[in-house]
Structures are given as C-alpha cells and as structure tokens.
Engineer: 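Please find one structure pasted underneath; my questions will follow.
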Amino acid sequence: MRYYSTRNKDKEAVTFTRAALAGLAPDGGLFVPDAIPEYSAAARSSLPVMSFQDIAFETIQPFVRGEIPDAVLGDILQDAFNFNAPLVRVKDRYVLELFHGPTAAFKDFGARFMARAFSYFRRGEDKPLHILAATSGDTGGAVADGFFDVEGIFVTVLYPKGRVSPLQERQIAGLGKNISAFAVEGTFDDCQRLVKTAFADEGLRKRMILSSANSINIARLVPQAVYYAAGAARAMAETGMPVTFCVPSGNFGNLTAGMYALEMGAPIRRFIAATNINRTMPDYLESGVYTPHKSRPTISNAMDVGAPSNFERMNAHWPLKRLLEMLTGAFISDETTRGTIKSVYDRYGYMLDPHTAVGWAAVDALQSEGKNKPNDSAPLGAPIGVLSTAHPAKFAEIVEPLIGAVPVPPALQKVMEREVIAKTIPADVSALLDSL
Ligand SMILES: *Cc1c(COP(=O)(O)O)cnc(C)c1O
C-alpha cells in the first residue's frame, strides 16, 4: 500500500513506514492510503466468528503488507490490544465500550499500536527515536502509556503546569523509564509552541532523531478501524443486520477510521457524526459549506474542536455526495449532555461519560426527528451502536454531581497511586532545549 499527502496533487507516494514516522506530510497535509483495501469474501463472511485478534490482523495487514511481516504484526497486535472492546446492550441500543485499555479511553488502541509499529520500524538503528508531544491533558496520557517501556524510543510530554487533572498528571508524569514529563509554566498553546520551535531547531535535530505522535498520524488511524469491524461483526451475529454507529467526535479521526471499516466491507450501515456545540461538521453536512470556527469549551472537552483536522482526510477520500450517504450529523448542548447522563442512569442504570452522552443524545435527537432509520431503507429496529470513547470515572467531576459515585476501574486506581515526577520549565524554548 502506498500513501500520499492530501495536499499533493501529483500523489507522490511514500510507504506506511515513512508516512507513520513523519506524522504530517512535509507540505503540511495528512497522509492517506491511495486506496482503501477490501476484506476478501471469505474474511467478510467469517468476521462474526473471528476473534478480536484475528479481525485486527485481517483489518490492518493490507495497510502494512510488505512492511511489517505477518508474524511480527501478530505479535504487535497481541501486545497492543491486550484488552477488549465489548459490545454491551443497553435497552434497545448497543454501546461499544472502548475504555477498557490502560488510560480508559479509545485513544489507547491507536497509541499502543503506533508505539509498537514505530519500535519495529526503528529496529536495528543504533540511535533512539525521540518523540516530542504537547498535550492539554488526555492525548499525552495515551501517548505516554502507549510508548512506555517500548524499546528504542524516548518520549517527552509537555503539559501546562497546574492545568491538567490529578489523574491526567499521573498518566503523563507517573511512568518514568523512557517517558519524561515537563510541566510548562504556561498554557497548552505555550506547550505546542515550544514543541514546534524545538522541531525546527537545527542543533537539536543534529543531536537527536525527532518524531511526533499526534492524532493525525496514519499509524493511529488504521488500528481504530479494528473495533468498528469487531463491533459490527458482533451486532451482525446477534441481530443479522448491519449496525449504525454513532461516533462522538472532535478531530474526526475516530469516525474516519470507522468509514475505512465500512469501505473495507465490515457490516456497517452508516454513521451518525455527533458533536458538542463545536458543530463544524454537522453544519457542513447540512449546508455543504465547510466553515471552521474557533473552538468553544464544553463538558465533553476532548471534542472541543472547531476545525477538525481529519476533515482534510475525509475530503481526500470522499466527495460530499458519498459523505452524505455514509453520515448524518447532529450536535448536542452541554445541558442535553447532562440531562442524558442523568436519564440514562435513572432509567437503565448505565453510566455514560460526557463524550459518550453526546453520542447517546444524538441518537435520541435523530430518532425524535424521525431520522432514526437513519436512512430510509433501514428496517425498523435495525441495531444502533453508540461508541463509548471514555470511562465515566475519568470525568467524575462532571458525572458524579448528576448520578452519584462512579466506581473507578482498577487500571485508573493504580494510576492514582503513582508519584508525579516532572521537571518544571518556564514557557521558553531555550529552557526546553537545555533540558532535552
Ligand atoms: C479524543 C476523544 C474524542 C474525539 O475523538 P476524535 O477522533 O478526535 O474525533 C472523543 N471522546 C474522547 C473521550 C476522546 O478522548
């Protein structure tokens, strides 16, 4: 498989390895595969009886064929996906729980695969790879955890001092070994500026081999197609019908991965693209005009994105007409999100985190508008699955006032016992360069 930049009209192609290690294309575009592969007829019909690991292999292998040998890929997947993604029934819907990994959010799937793929790509090199990442909180934890103890790779995470939650700080700065944490005396924007400036510093580039691990990396996107295929196969096994997935979205990497799974031939009918009031994508689907905005803060803050970076990727793959066949948009206010957390708990005893609640509420909204089908040919009662992107205990300060105490899963309990080991630096690039 070859990959090209969304901004390169000549489709000058690179390998998966190069696209992954580069992250962003040199022209500022995002890497996309030149074609989305399809499952073989045999694989497609046996998806409902395949294990998660086997589905992962079938899904990812065509993207990395010729670059990661099958046996190595098998090992990477065993190691990366050592937790599952159960499809649970809540009343007349399914919830695809993606929070059973070490940081209790779906980003574990992408980050853990990417880390192990990077380690393989760097095999035999005597110089280690240094990953520099800025985080406002959540992504840093998934990246730090994903790369923890991975051979040949050092990670430095910059986060705004005093502006992340105690849990997030322990996820970023509680690991040690090959993971370093810098608490920057400034904002997230300062952290991002420091990372960008450090990347451009020639002296540093001579000293170390640098890479980023941000969410637009193709090596984070592709592994996310796996749980869609596995969840859809489960729903198919139980209902005999393709599922409609509702995806709570911000940067739209998660949804793009789902669209890959649909195009590959997983039994998915279509998607609901759910956002909070940062409604750039639902507005685009409604009007056909793409108008990015500044992001506005909400209680589903991992989705506070006014200019979703994966829009560029969707646009490269699919014309608007095709997008409209695959997607229905909906946006949800904080008030409705809170009401949904409360009512779903009161009625069904199921706890939603604020992001998942946006997804649940989007299904409610479309159903009450009569768009639930949600395309007209869908038989009544066709399965609807909401992706649960995080465990509610991660957002206890929002969820607990609404429904009472949320049990903390063991993985998160252990994180809270960690000691924070971070170096405090001023928001100044020379301080960063001196500390690296
Ligand atoms: C990152 C994140 C999202 C948004 O995912 P995108 O791929 O950016 O659309 C949703 N929920 C949670 C909990 C997240 O961490």
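In each ligand, atom 1 is the first atom listed, and ligand 1 is the first ligand listed. Along the sequence shown, residues carry numbers from 1. These numbers come from the heavy atoms of this one structure, side chains and all, not from hydrogens, waters or symmetry mates.
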Engineer: Do Asn276 and Asp334 have side-chain N/O donor and acceptor atoms under 3.5 Å apart?
Structural biologist: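 Checked: Asn276/Asp334 side chains show no N/O donor-acceptor pair below 3.5 Å.
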Engineer: Can a donor-acceptor pair be found between the side chains of Tyr94 and Glu238 at a distance below 3.5 Å?
Structural biologist: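 Indeed, the side chains of Tyr94 and Glu238 share at least one donor-acceptor pair under 3.5 Å.
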Engineer: Stepwise, does the side chain to side chain donor-acceptor pair (under 3.5 Å) test hold for Tyr39 with Glu58?
Structural biologist: CA-CA 7 Å; Tyr39 294 118; Glu58 278 298 328; over 6 Å; no
Engineer: What about Phe16 and Tyr3, are their ring centers closer than 6.0 Å?
Structural biologist: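 Between Tyr3 and Phe16, which both carry aromatic rings, the centre distance is below 6.0 Å.
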Engineer: Could you name the protein residues that come within less than 4.0 Å of ligand 1, counting only heavy atoms, and order them by chain and residue number?
Structural biologist: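 Ligand 1 pocket, heavy atoms under 4.0 Å: Phe106, Lys107, Asp138, Pro248, Ser249, Gly250, Asn251, Phe252, Gly253, Asn254, Ala302, Met303, His355, Thr389, Ala390.
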Engineer: Taking 4.0 angstrom as the limit, do Arg116 and Asp79 come out as a salt bridge?
Structural biologist: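 A salt bridge links Arg116 with Asp79.
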Engineer: Thinking salt bridges, do Lys414 and Glu417 make one under a 4.0 Å N-O criterion?
Structural biologist: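 No, Lys414 and Glu417 are not salt-bridged.
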